[in-house]
2 protein chains.
Amino acid sequence: MAPDRRKMIVAAATKSFSLFGYKATTMDQVAKLANVGKGTIYTFFKNKEELFEEIISSLVREMIVEADSVIQPKLPFTENVHRALYRLLEFRSQHQLMIKLVQEEAEMGTLAVSEMLQHVENEIIAYLKQKIETAISKGAIPAANTEITSFLLLKMYIALVSDWERNHAPLSSEQIAEIMKVFLLQGLPT
Amino acid sequence: MAPDRRKMIVAAATKSFSLFGYKATTMDQVAKLANVGKGTIYTFFKNKEELFEEIISSLVREMIVEADSVIQPKLPFTENVHRALYRLLEFRSQHQLMIKLVQEEAEMGTLAVSEMLQHVENEIIAYLKQKIETAISKGAIPAANTEITSFLLLKMYIALVSDWERNHAPLSSEQIAEIMKVFLLQGLPT
DNA sequence: GATATGACCAAAGAACTAAATTAGTCAATG
DNA sequence: CATTGACTAATTTAGTTCTTTGGTCATATC
């Protein structure tokens with residue numbers, strides 16, 4: 001009977017953002033959903049955007065857990081990169097909040113949303129970069145500019161998974177894996 | 001003293017599109033610039049969009065001439081692909097009409113402009129595809145899915161040239177060439 | 001009679017405004 | 001002293017008028 005108000009607020013906001021998007025979610029709505037006075041929200045968060053940031057941070061942590069869960073140390077490195085990336089993009093295309101935000105950016109161009117999605121992309125690149133660096137230090141793959149490599153990996157993935165489907169039939173997971181393997185296995189860009 | 005009205009119209013429209021963009025160009029303006037009655041435009045073109053199409057077609061032809069002009073048969077295939085792609089993107093970033101259209105798409109999302117840019121992209125991919133196919137038939141590079149390869153090549157290029165600069169210092173032409181060479185030289189995606 | 005023209009029209013869009021909504025504050029409350 | 005919701009300044013929406021624009025066509029020109 002002493003509910004954690006902070007958690008209730010975050011839960012309510014997450015639900016509302018997922019359902020209606022960022023702009024269409026009002027603080028009154030969040031307060032009502034969380035069974036909390038509106039003022040209370042502002043004792044935990046400086047403003048709407050900061051509340052949003054906290055939720056996105058959780059989402060990123062969740063994504064990384066997902067990606068890690070799919071990695072199997074015994075598999076070759078390239079296979080694991082593929083698995084992780086595939087899981088990440090699958091996550092992005094299945095998670096309600098992500099779907100809503102991507103949609104909101106496309107059709108309304110909400111600034112705060114664009115910034116958050118860019119942030120998520122950067123987090124994914126940082127994650128990849130770290131994986132690549134440890135693989136290099138273990139001698140699993142040749143040395144390379146890890147920043148460019150992780151950046152390109154993600155861009156290629158997005159191109160193959162999203163952009164490609166604008167004009168062509170979707171590629172199978174196997175085809176994508178094959179393309180990525182070629183790219184990663186051979187000498188990486190220096 | 002018998003000016004080719006059609007050419008005057010196209011020239012006027014090209015100038016106006018380059019200067020003000022597609023939406024902000026009015027048919028009255030084009031008519032005035034071309035020293036022609038507005039109705040005359042409609043004896044040559046069904047509507048504004050068709051006039052736009054004609055101009056974009058010329059632009060694409062111009063781009064292909066540019067790309068071809070930079071190819072030297074004696075150089076290795078990968079080097080030529082790099083040169084052609086680099087020239088194409090340079091063209092895109094220097095040509096007034098292209099600059100204006102890209103800008104208009106970004107900040108106003110004009111539908112007709114988006115469609116045209118997509119069309120230009122498809123033309124570039126078709127051009128690359130054809131180059132790759134002849135190279136394969138000559139045994140210069142291993143066989144591959146040319147559609148995916150040309151698609152990916154362009155996407156990678158755009159990512160490296162445009163997207164990368166959003167968060168990093170620009171890459172040198174040499175760096176870009178190196179990355180592309182790795183990708184193209186090794187086995188291509190099947 | 002073939003071609004060119006610009007006044008004209010319907011439709012789309014801009015500009016303006018009033019009304020409604022909303023993020024954030026703060027004096028009152030328990 | 002943590003919580004609240006009525007309050008406010010600022011933004012957004014909705015409704016309306018006024019303007020602009022793509023496209024047509026009757027008239028003028030050669």
Side-chain angles (χ1 to χ4, degrees), chain A residues 1-56 100-101 104-105 107-116, chain B residues 1-56 100-101 104-105 107-116:
Chain A
M1 215 31 195
D4 183 339
R5 302 183 124 74
R6 195 175 199 285
K7 273 184 186 158
M8 310 225 30
I9 291 166
V10 170
T14 304
K15 192 172 182 179
S16 187
F17 286 147
S18 301
L19 235 46
F20 310 114
Y22 178 74
K23 254 206 81 180
T25 290
T26 72
M27 295 303 259
D28 279 294
Q29 204 174 69
V30 172
K32 204 155 280 174
L33 251 169
N35 272 106
V36 142
K38 186 160 63 153
T40 307
I41 300 179
Y42 288 88
T43 67
F44 293 114
F45 303 95
K46 212 176 83 220
N47 52 37
K48 188 180 181 181
E49 196 150 354
E50 209 175 72
L51 172 59
F52 188 36
E53 268 165 36
E54 165 127 352
I55 289 170
I56 294 295
K100 199 70 203 179
L101 293 179
E104 185 173 350
E105 161 161 65
E107 52 193 48
M108 317 183 38
T110 315
L111 185 66
V113 172
S114 297
E115 286 171 357
M116 278 305 151
Chain B
M1 217 31 198
D4 183 337
R5 304 185 123 74
R6 195 174 199 283
K7 272 185 186 160
M8 310 226 28
I9 291 167
V10 170
T14 303
K15 192 172 182 178
S16 187
F17 286 148
S18 301
L19 236 45
F20 309 113
Y22 179 74
K23 251 206 83 178
T25 290
T26 71
M27 295 304 260
D28 279 293
Q29 205 174 68
V30 173
K32 205 156 279 174
L33 251 171
N35 273 106
V36 142
K38 186 162 65 154
T40 308
I41 300 178
Y42 288 87
T43 66
F44 293 112
F45 303 94
K46 212 176 82 219
N47 52 34
K48 188 180 180 181
E49 195 150 356
E50 208 174 73
L51 173 57
F52 189 36
E53 268 165 36
E54 165 128 351
I55 289 170
I56 294 295
K100 199 71 202 177
L101 293 179
E104 185 172 351
E105 161 160 66
E107 52 193 49
M108 317 182 37
T110 315
L111 185 66
V113 172
S114 297
E115 286 172 355
M116 278 305 151

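These values consider heavy atoms only, across backbone and side chains, with no hydrogens, waters or symmetry-generated copies. Letters A, B, ... mirror the listed sequences (proteins, then strands); counts begin at 1. No experiment lies behind these values; they were computed from the predicted model shown.
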Nucleotide N/O of nucleotides 25-30 of chain C paired with protein N/O under 3.5 Å:
none

### Message
Between P on C:dA11 and NZ on B:Lys48, what's the gap in Å once rounded to a whole number?
### Response
19 Å

### Task
Can you sort out the partners of A:Glu53 under side-chain contact (heavy atoms from CB on, under 4.5 Å), two or more places apart, ordered by chain and number?
A:Glu49, A:Glu50, A:Met116

### Query
Considering only heavy atoms from C-beta outward, does the side chain of B:Lys32 approach that of B:Met27 to under 4.5 Å?
no

### Query
Does any N or O in the side chain of A:Lys38 come within less than 3.5 Å of the main-chain N or O of A:Gln29, such that one atom is a donor and the other an acceptor?
no

### Task
Please state whether the phosphate of D:dA2, meaning OP1 or OP2, lies under 4.0 angstrom from any side-chain nitrogen or oxygen of A:Thr43.
no

### Backbone N/O of A:Val113 and side chain of A:Thr110: donor-acceptor pair under 3.5 Å
no

### Query
Can any side-chain N or O of B:Ser16 pair as donor or acceptor with the backbone N or O of B:Ala13 at less than 3.5 Å?
no

### Message
Distance check needed: D:dT21 C1' versus B:Phe52 CZ, whole Å only.
### Response
17 Å

### Message
To the nearest 0.5 Å, what is the distance between CZ on B:Phe17 and CG on B:Leu51?
### Response
5.0 Å

#### Entry: Closest listed nucleotide, where the reference is the side chain of A:Val36 and the choices are C:dA4, D:dT4, C:dG24
D:dT4

#### Entry: Residues touching DNA chain D, which here means a heavy atom under 4.0 Å, drawn from residues 10-30 of chain B
B:Thr25, B:Thr26, B:Met27

